[in-house]
Number of protein chains: 2
Amino acid sequence: MHQKYEFKMIHSFKIHSLIHYKMHLSPTEENYLKAIFKLTEEAEKASATTNAIAAEMSIAAASVTDMLRRLSEKELIHYEKYKGVHLKASGRKIATALVRKHRLWEYFLVEKLKFGWDEVHDIAEELEHVRSDELVNRLDEYLGKPNFDPHGDPIPRADGTIPTRQLTPLSALKVGESGILTGLQNHPDSLMRYLRKINIGIGTKIQVLELHDFDESMSVKINDEKEMELSEKVSKSLLLKIT
Amino acid sequence: MHQKYEFKMIHSFKIHSLIHYKMHLSPTEENYLKAIFKLTEEAEKASATTNAIAAEMSIAAASVTDMLRRLSEKELIHYEKYKGVHLKASGRKIATALVRKHRLWEYFLVEKLKFGWDEVHDIAEELEHVRSDELVNRLDEYLGKPNFDPHGDPIPRADGTIPTRQLTPLSALKVGESGILTGLQNHPDSLMRYLRKINIGIGTKIQVLELHDFDESMSVKINDEKEMELSEKVSKSLLLKIT
DNA sequence: AAATATTTTTAGATTAACCTAAAAATAATA
DNA sequence: TATTATTTTTAGGTTAATCTAAAAATATTT
Ligand SMILES: [Mn+2]
Ligand SMILES: [Mn+2]
Ligand SMILES: [Mn+2]
Ligand SMILES: [Mn+2]
């Protein structure tokens, strides 16, 4: 609305000293930074390609090129044509703040509004763009400053640091070993709905009873009670804290 | 993003039967409907003028004309050039749903996150555009289905009806009469901050002690304790439920 | 009723964020 | 290394939502 004028005004006399004071980006720009964050920092890759970003965001590669040029002009990313892209400190700050908001809202939706963990992602995609530092801080406080979201993903703290843990895929456990489900390798809705149906969630205790080398599936004991079979695909997706 | 294609597709074969099924508007379009709602239904006027809408939204009149044509094409408003505008049933439904969301979020921000009543409007302006019926319903439930927001304004119910009450401006009271502050005629931040400073809010009991006809100010007793002077402007802004 | 003022609309531009198709650069393969 | 395939960028276009300036319609005042 008036971002345009503000920018022109700043631009006209002194771009570099003021531009960083309170950069305010569109939801779209924020989403690009988040995608780059996911493809580099969270995936522990040095840089993200144009095509990877396009795929992540479900848009055309040409649109990505366009936006990379603009984010680069705003000093938010390192970008050299044909060479891929990664975040500068200023871009990382915005991306982690966005991830923080996303995961705090997911926590709110599950813990307070009693949504299922498979129902909250899309809503949080919208809530994360609501712009108010005070709001995030009060929400964080209200929720008891949680460190992990309903999917077990770390919630970046206000200072930008990100909580970590040592997790092991269920598929790596030997017969007799056990752990508490603490995270997921990836979170397709289909997996989350399946786990909800068979009563497995964050906090569930899982013990390996038997390994079937024919299809790499396993028999497990859930919460020291029920026994069931889990496929290789599932056991590779479940990340446990070993007990 | 793909709204465009969806629309074109629908448009190409059967506009009138399908277009209403699940109309999904941009935040901007929603804001126009809300402005029209405020200027007509809430102000009990038959129609809103182009200039009034422009002023309400702080944009140029030419932009309004443009949008009115589009909203009219979508069958959301009645619009005849030069004749002003009012909502059709479909537009009113969207507008009241938006107001409902706005006021529920304001209630959440004040009651749960402990924001001051003068701090929540701008944040709610953003939150109201988050699109999820399930979210509004659960939020409503979580908050205990409140009927009025932190400013005393009615929260439209899920069915579109709007709670009402009989309120009287403090300025209309005679010496000795009293009431409970229940709403405001209008809500500039300056008024809300002032009232917060002098410890008057929704629920405060106010009794008229003396009327000063020189400047139409009055002496009042607050919550049967403190005495203070209120200007004409303030006494006209405070709406009471008579006790 | 004519003249003047105000309101509203039209005309023509701009910007962000997308698109497709074609060109250019880089990577993989023969 | 030359050819082919893939990736990325450029070129040119579209749409929504804004703007300013000018024209047209409506309302008010002489
Ligand atoms: Mn998510
Ligand atoms: Mn999550
Ligand atoms: Mn408000
Ligand atoms: Mn309010």
Side-chain angles (χ1 to χ4, degrees), chain A residues 1-12 23-36 39 45-74 76-86 125 129 131, chain B residues 1-12 23-36 39 45 47-74 76-86 125 129:
Chain A
M1 265 123 267
H2 42 82
Q3 186 178 10
K4 182 167 47 176
Y5 300 104
E6 208 175 298
F7 182 75
K8 268 186 185 161
M9 207 256 283
I10 288 164
H11 196 85
S12 68
M23 171 114 33
H24 92 98
L25 302 179
S26 68
T28 303
E29 289 171 309
E30 291 185 330
N31 283 337
Y32 274 91
L33 294 177
K34 188 164 53 118
I36 296 166
L39 294 168
K45 296 263 155 56
S47 74
T49 66
T50 300
N51 263 358
I53 297 167
E56 171 68 27
M57 301 183 72
S58 305
I59 56 180
S63 309
V64 174
T65 301
D66 208 55
M67 180 61 91
L68 293 182
R69 193 186 37 70
R70 279 141 60 199
L71 293 175
S72 191
E73 261 165 26
K74 292 188 177 179
L76 295 165
I77 58 174
H78 287 279
Y79 170 54
E80 269 187 284
K81 278 185 199 170
Y82 299 101
K83 295 280 185 66
V85 69
H86 66 272
E125 282 296 303
H129 298 289
R131 206 176 307 283
Chain B
M1 264 124 270
H2 43 82
Q3 187 180 8
K4 181 167 50 177
Y5 300 106
E6 206 176 299
F7 183 75
K8 268 186 184 160
M9 206 256 285
I10 290 165
H11 196 85
S12 69
M23 172 113 32
H24 92 98
L25 301 181
S26 69
T28 302
E29 290 171 308
E30 291 184 330
N31 283 337
Y32 275 91
L33 294 177
K34 187 164 54 120
I36 297 165
L39 294 168
K45 295 263 156 52
S47 75
T49 66
T50 300
N51 265 359
I53 297 167
E56 171 68 28
M57 300 183 73
S58 305
I59 58 178
S63 309
V64 175
T65 301
D66 208 56
M67 181 60 91
L68 292 182
R69 193 186 36 70
R70 277 139 62 198
L71 293 175
S72 190
E73 262 166 25
K74 292 187 177 179
L76 295 164
I77 59 173
H78 287 279
Y79 169 55
E80 269 188 283
K81 278 186 201 171
Y82 299 100
K83 297 279 183 68
V85 68
H86 66 272
E125 282 297 301
H129 298 289

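Order of the sequence lines sets the chain letters (A, B, ...), proteins ahead of strands, with each chain counted from 1.
Close to D/dT8, at under 4.0 Å from its OP1 or OP2, lies no side-chain N or O of A/K83. Close to C/dT7, at under 4.0 Å from its OP1 or OP2, lies no side-chain N or O of B/T49. Put simply, A/N51 has no side-chain N or O that comes within less than 4.0 Å of OP1 or OP2 on D/dT6. Not one side-chain nitrogen or oxygen of B/Y82 sits closer than 4.0 Å to the OP1 or OP2 atom of C/dT6.
Summarising the geometry, the separation between CD on A/E29 and C1' on C/dA17 is reported as 10 Å, rounded to the nearest angstrom. Atom-to-atom, OH of A/Y32 to P of C/dA17 comes out at 8 Å; the value is rounded to the nearest Å. In this structure, A/L25 places its CG atom 18 Å from P of C/dT15, rounding to the nearest Å. Note: CG (A/N31) to C1' (C/dA17) measures 12 Å, nearest angstrom. In this structure, A/H24 atom NE2 and C/dA16 atom P are separated by 12 Å, rounded to whole Å. Look at CG on A/L33: it is 15 Å from C1' on C/dA17, rounded to the nearest Å. Rounded to an integer number of Å, the gap from CE of A/M57 to C1' of C/dA16 is 13 Å.
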Exercise. Is there a side chain to side chain contact (heavy atoms under 4.5 Å, CB included) between B/L25 and B/K74 once you walk through the steps?
Worked result: CA-CA 10 Å; B/L25 301 181; B/K74 292 187 177 179; 4.1 Å; yes

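Checked against side-chain contact (heavy atoms from CB on, under 4.5 Å), A/R131 has the following partners two or more places apart in sequence or in another chain: A/H24, A/P27, A/E30, B/E126. Annotation: ring-ring contact (aromatic ring centres under 6.0 Å, His included) contacts of A/H129 (sequence neighbours excluded): none.
Nearest nucleotide to the side chain of A/T50, out of D/dT9, D/dA17, D/dT18: D/dT9. Distances were taken from every side-chain heavy atom of B/I59 (C-beta onward) to each of D/dT18, C/dT9, C/dT8; the shortest belongs to D/dT18. Minimum atom distance to the side chain of A/Y79 is reached by D/dT9, of the listed D/dT9, C/dT8, C/dT9.
Among residue pairs with one or both ends in residues 47-59 of chain B, those qualifying as salt bridge (charged side-chain N to carboxylate O under 4.0 Å, His left out) are B/K38-B/E56; sequence neighbours excluded.
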Side-chain donor-acceptor pairs of residues 59-71 of chain A under 3.5 Å, sequence neighbours excluded:
residue	atom	partner	partner atom	Å
A/T65	OG1	A/A61	O	3.3
A/D66	OD2	A/R70	NH1	3.0

Ignoring hydrogens and angles, write down the donor-acceptor pairs under 3.5 Å from the side chains of residues 46-54 of chain A, residues two or more places apart or on other chains.
residue	atom	partner	partner atom	Å
A/T49	OG1	A/A52	N	3.0

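Taking every heavy atom of residues 62-72 of chain B and every atom of DNA chain C, pairs under 4.0 Å involve B/A62, B/T65, by number.
Smallest separation of non-hydrogen atoms from B/K45 and B/L39: CB-O, 3.5 Å.
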